[in-house]
Amino acid sequence: MKSVAIIGGGAAGCFCAIELKRRLPKAEVTIYEAQNKLLAKVALTGGGRCNLTNTFQDFRDAKGNIERLEYVYPRGHRLMKRLFNIFSPDDTIAWFESHGVRLAAQEDGCIFPKSQDAMEIVHTLERLLKEEGINIKTNHRVEDITTLKEDIKVVTVGGKKNGNGYSFLSSRNIALEDPCPSLFTFEIDNTGLTSLSGTVKDSVVLSIPMTNFKSSGILLVTDWGISGPATLKLSSYAARFLKDNSYKAPLTINWLSGTQDSARQTAEKLIAENLKKQLSSITFNGLTSRLWEHLIKRSGIRADIRCSQVGAKQLNRLSATLTSDSYQITGKGRFKEEFVTCGGVSLREINPNTLQSKTSPDIYFAGEVLDIDAITGGFNLQAAWSTGYVCAQSILRSL
């Protein structure tokens with residue numbers, strides 16, 4: 001009976017091991033993990049609650065089919081579309097529920113265990129690994145894949161900050177894409193904006209001028225710049241562009257997610273209804289008073305001006321600021337909090353139906369080691385479950 005080495009004890013590696021061993025009990029399956037425990041990243045994901053997948057409700061057609069995956073997976077969307085035909089998000093939900101994990105979906109489609117505790121997912125996987133009799137070797141870093149004695153190797157190591165992290169594959173000449181961070185916050189050197197730290201605005205649109213990179217969602221202002229889902233989405237879409245530009249680029253914020261004309265009409269109506277009040281004292285379209293005053297100043301208008309004194313040119317400047325407020329990204333978030341990287345094993349290197357290396361048929365790949373990454377919302381863990389499952393099925397067929 002064949003033996004299988006799984007390099008990396010994260011979500012994809014453990015899932016692959018469980019699926020493989022339960023269908024091929026006589027196989028010798030061993031997980032090699034460089035750290036002192038398995039599933040460390042799973043324990044941290046979703047703020048310790050484990051956002052293990054997503055309903056994909058915003059990416060389904062009228063028949064319920066998942067589509068437009070390029071907005072979810074900036075790299076690897078075609079491959080993920082293919083893999084979902086084998087193991088889909090719905091299959092993930094059914095799998096975990098069949099093993100006793102009760103799940104709950106949020107309004108935004110994110111799915112968590114009802115316990116809101118990532119350790120429930122960790123302990124469930126650890127229990128299944130033990131029940132299936134899978135060998136686990138922690139604190140065991142593989143330096144060269146050729147030194148492993150197993151017949152089949154499944155590489156499921158996490159994303160690396162640079163190409164040196166994949167040096168253990170160098171003896172096989174595996175094609176790699178240059179790794180770089182893909183989920184991070186933006187540093188913005190603007191004291192007016194950062195003085196609003198803690199401000200949350202829903203439904204903004206962020207874009208990088210002169211490019212096609214654009215995102216929408218909730219924005220959080222921090223004391224170093226901006227964060228929140230809209231920021232993380234844009235960082236994912238523009239990951240390579242930002243890296244190539246040393247994380248410096250212009251940024252436009254549309255605070256209202258609408259057109260300049262509609263912003264002008266709304267402002268004009270509010271001003272006409274509040275002629276005796278100061279412009280900064282009126283409530284505008286869900287903006288906090290601090291943010292509204294900041295945007296008035298950004299428009300070159302005095303904060304104490306009365307509505308009756310606001311002229312047409314000032315209205316034009318105000319509506320332009322509300323819908324195309326310009327800043328400069330000066331760097332990545334200072335805390336190096338990024339959890340996901342793009343890059344890794346090139347998708348040209350693998351058979352898309354089996355995730356088997358085209359050049360080294362004894363090697364399979366799953367998880368973040370592949371050049372697949374997603375926006376925040378449980379989509380990256382879904383890629384781990386799907387690729388881990390497909391690897392296990394492919395190995396079973398090959399045996």
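Note that the numbering runs from 1 along the sequence shown for the chain.
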Flag the pair [X] and [Y] as a salt bridge only when some basic side-chain nitrogen lies within less than 4.0 angstrom of an acidic carboxylate oxygen.
{"X": "Lys297", "Y": "Asp325", "result": "no"}
{"X": "Lys243", "Y": "Asp178", "result": "yes"}
{"X": "Glu150", "Y": "Lys2", "result": "no"}
{"X": "Arg348", "Y": "Glu177", "result": "yes"}
{"X": "Lys130", "Y": "Glu126", "result": "no"}

With a 4.5 Å limit on heavy-atom distance, are the side chains of Asp373 and Ser236 in contact? yes

Contact check, side chains of Cys16 and Ile6, non-hydrogen atoms, under 4.5 Å: yes

Hits for salt bridge (Lys or Arg N to Asp or Glu O under 4.0 Å) against Arg78, two or more places apart or cross-chain, chain-then-number order -> none

Arg302: what forms a salt bridge (Lys or Arg N to Asp or Glu O under 4.0 Å) with it, not counting sequence neighbours? Asp304

Any side chain to side chain donor-acceptor pair (under 3.5 Å) involving residues 376-391? Give me the pairs, sequence neighbours left out, ordered by first then second residue. Thr53-Gln382, Thr92-Gln382, Gln382-Ser386

Going by the rule ring pair (Phe, Tyr, Trp, His ring centres under 6.0 Å), which residues pair with Phe241 if we only count those two or more places apart in sequence or in a different chain? Phe213

Is the [atom1] atom of [X] crowded by more than 12 outside heavy atoms at less than 6.0 Å?
{"X": "Lys214", "atom1": "NZ", "value": "no"}
{"X": "Arg141", "atom1": "CZ", "value": "no"}
{"X": "Asp189", "atom1": "CG", "value": "no"}
{"X": "Tyr71", "atom1": "OH", "value": "no"}

For Ser195, which residues count as a side chain to side chain contact (heavy atoms under 4.5 Å, CB included) partner, sequence neighbours excluded? none

Transitive ILVMFWY side-chain link Leu129 to Leu20, under 4.5 Å: yes

Donor + acceptor pair across side chains of Asn254, Thr323 (<3.5 Å): no

Pi-cation contact, Tyr237 with Arg75 (under 6.0 Å, within 45°): no

Between Phe184 and Tyr247, is the ring centre distance below 6.0 Å? yes

Run the ring-centre check on Phe379 versus Phe56 and record whether the distance is less than 6.0 Å. yes

Residues sharing Ile218's hydrophobic cluster, by side-chain heavy-atom contacts under 4.5 Å among ILVMFWY, directly or via others? Val200, Leu220

